[in-house]
Amino acid sequence: MNIHNHIHHTDGIVPQLLLALPFILALFMYILAAVHSSRRYKPWPLYRTACWTIGVLCAVMAVAGPLANRAHMDFTAHMLGHLLLGMLAPLLMALAAPMTLVLRTLSIPLARRLSRILRSWPSRILTHPIAASFLNLGGLWLLYTTDLYSLMHENTLLHLMVHFHVFVAGYLFTMSMVYIDPMPHRFPFLYRSIVLIISLAGHGILSKFIYAHPPAGVTFEQAKMGGMIMYYGGDAVDIAIIFILCLHWFRATRPRIVLTAS
């Protein structure tokens, strides 16, 4: 059955508001924290605030508005939304260093409590490169190779859960590969690079699989276009992650020049 003929129970303002509201609140709270932190310490970098703002806008565009409405009927629009919500928005929001800002803003007792949470074993598991890659890539394979894609257009709760997972998994994957915020559980650059290469290969294979084997209810033409967006658009975001990882690696291992008095 073509997905165009489905009755989309998720069409409407309520699901979009439920998805967009957390991002809007996050933007408001980030700006307040940046202003408060800048008054107490040195000014918070403007480019980080810009990254957070643009990242939130990308996420909101994916879950609410014309693109989100189109995504119910057009797989190409859906894949563009996936690219914004699951890849570009997480990267931009990770570059904004939100945890660093939170730690700067909180009182010392609350900051210590948050630090203990970041050092806990659940945090270690969720930010492990392999676990984060499995949540991110595994979720996408499950979405596009089973009936989950068509089912989420018929069930509001499932629709919300899938979009929530796409963003959170994308964010965990990004922050597990490039350390912008403080990371108590750190892994070597080589280890993260190997996991990243394998993950990128899995993402590319999935996009080609979608190209050749459309999800249930998706036409071949839309599957081809969606697969190409996933492949080439994903490559663009992945290049940015690779660049940041390599830049950090270079800075951490470059020779130090020691000046001696003559």
Are more than 12 heavy atoms from other residues, nucleotides or ligands located less than 6.0 Å from atom OH of Tyr191? yes
For the ring pair His82 and His163, is the centre-to-centre distance below 6.0 Å? no
Give the intermediate values and the outcome of side-chain contact (heavy atoms from CB on, under 4.5 Å) for residues Val56 and Val60. CA-CA 6 Å; Val56 168; Val60 171; 4.1 Å; yes
Just how far is it from atom CD1 of Ile54 to atom CG of Leu95, taken to the nearest 0.5 Å? 10.5 Å
Any sub-3.5 Å donor-acceptor pair from Trp141's side-chain atoms to His203's backbone N or O? no
Can you tell me how far SG of Cys51 sits from CG of Leu91, rounded to the nearest 0.5 angstrom? 8.0 Å
Single-linkage hydrophobic cluster, 4.5 Å side-chain cutoff, Met61 and Phe28 together: no
Is it true that a side-chain atom of Asn136 and a backbone atom of Ala132 form a donor plus acceptor pair closer than 3.5 Å? no
Tyr30 side chain to Trp44 side chain, donor-acceptor N/O pair below 3.5 angstrom: yes
Which pairs would a plain distance check flag for residues 169-184, meaning a side-chain donor or acceptor within less than 3.5 Å of a matching protein atom at least two apart in sequence or in another chain?
unit_1 : atom_1 : unit_2 : atom_2 : d
Thr174 : OG1    : Gly170 : O      : 2.9
Ser176 : OG     : Leu172 : O      : 3.3
Ser176 : OG     : Phe173 : O      : 2.8
Tyr179 : OH     : Phe187 : N      : 3.1
Asp181 : OD1    : Met99  : N      : 3.3
Asp181 : OD1    : Thr100 : N      : 2.8
Asp181 : OD1    : Thr100 : OG1    : 2.7
Asp181 : OD2    : Met99  : N      : 3.1

Could you pull out the closest heavy-atom pair between Thr145 and Phe209, with the gap in Å? CG2-CE2, 3.6 Å
In Å and rounded to the nearest 0.5 Å, what is the CD1 to CE distance from Ile24 to Met29? 14.0 Å
To the nearest 0.5 Å, atom NE2 of His185 lies from atom CH2 of Trp121 at 11.5 Å
Taking atom OH as the centre, does Tyr231 end up with more than 12 heavy-atom neighbours from other residues, nucleotides or ligands that are less than 6.0 angstrom away? no
Start with the C-alpha distance between Leu206 and Met230, add both sets of side-chain angles, then the distance that settles side-chain contact (heavy atoms from CB on, under 4.5 Å), and finish with yes or no. CA-CA 9 Å; Leu206 177 58; Met230 184 178 184; 3.4 Å; yes
So, the side chain of Thr105 versus the backbone of Leu101: is there a donor-acceptor pair under 3.5 Å, distance only? yes
Heavy atoms of Cys58 and Leu84 approach each other most closely as O-CB, 3.7 Å
Work out which heavy atom in Phe189 is nearest to a heavy atom in Ala252; give both atom names and the distance. CE1-CB, 3.7 Å
Using the benzene-type ring in the case of Trp, are the ring centres of His78 and Tyr149 under 6.0 Å apart? yes
Does a side-chain heavy-atom distance below 4.5 Å link Leu110 with Leu114? no
Could you tell me if the ring centre of Phe167 sits under 6.0 Å from that of Phe23? yes
How many angstroms lie between OG1 in Thr253 and NE2 in His248, if you round to the nearest 0.5 Å? 12.5 Å
For the hydrophobic clusters of this structure (ILVMFWY residues joined by side-chain heavy atoms under 4.5 Å, transitively), does one cluster hold both Val63 and Leu17? yes
Is there a side-chain contact between Val218 and Pro215 in this structure, where contact means two heavy atoms from C-beta onward sitting under 4.5 Å apart? yes
Transitively linked via ILVMFWY side-chain contacts under 4.5 Å: Leu190 with Ile241? yes
Looking only at heavy atoms, the pair that brings Leu148 and Leu142 closest together is CB-O, 3.9 Å
Same cluster for Met93 and Leu32 if Ile/Leu/Val/Met/Phe/Trp/Tyr side chains link at under 4.5 Å? no
Filter on side-chain hydrogen bond (donor to acceptor under 3.5 Å, both in side chains), then keep only pairs touching residues 110-119, sequence neighbours left out; what's left? none
So which atom in Ala216 and which in Asp147 form the shortest heavy-atom distance, rounded to 0.1 Å? CB-OD1, 4.0 Å
Can you find a heavy atom in the side chain of Arg70 that is under 4.5 Å from one in the side chain of Thr76? no
CZ of Phe220 to CE of Met225, rounded to nearest 0.5 Å, is 15.5 Å
Test side-chain contact (heavy atoms from CB on, under 4.5 Å) applied to Phe75 and Met79, step by step: CA-CA 6 Å; Phe75 185 72; Met79 193 56 72; 3.5 Å; yes
Step-by-step side-chain contact (heavy atoms from CB on, under 4.5 Å) determination, Leu160 to Met152: CA-CA 8 Å; Leu160 297 175; Met152 80 170 188; over 6 Å; no
Between Leu92 and Leu88, is there a side-chain heavy-atom distance shorter than 4.5 Å? yes
Assigning hydrophobic clusters by single linkage (Ile, Leu, Val, Met, Phe, Trp, Tyr; side-chain heavy-atom cutoff under 4.5 Å), is Tyr41 placed with Val35? no
Please check: side-chain N/O of Ser38 versus main-chain N/O of Pro43, any donor-acceptor pairing under 3.5 Å? no
Shortest non-hydrogen contact between Leu118 and Ser123, atoms and distance: O-OG, 2.9 Å
I want to check something: taking the side chain as every heavy atom from C-beta on, are Val162 and Leu143 in contact at a cut-off of under 4.5 Å? yes
When you measure from the side chain of Gln222 to the backbone of Asp74, do you find a donor-acceptor pair of N or O atoms at a distance under 3.5 Å? no
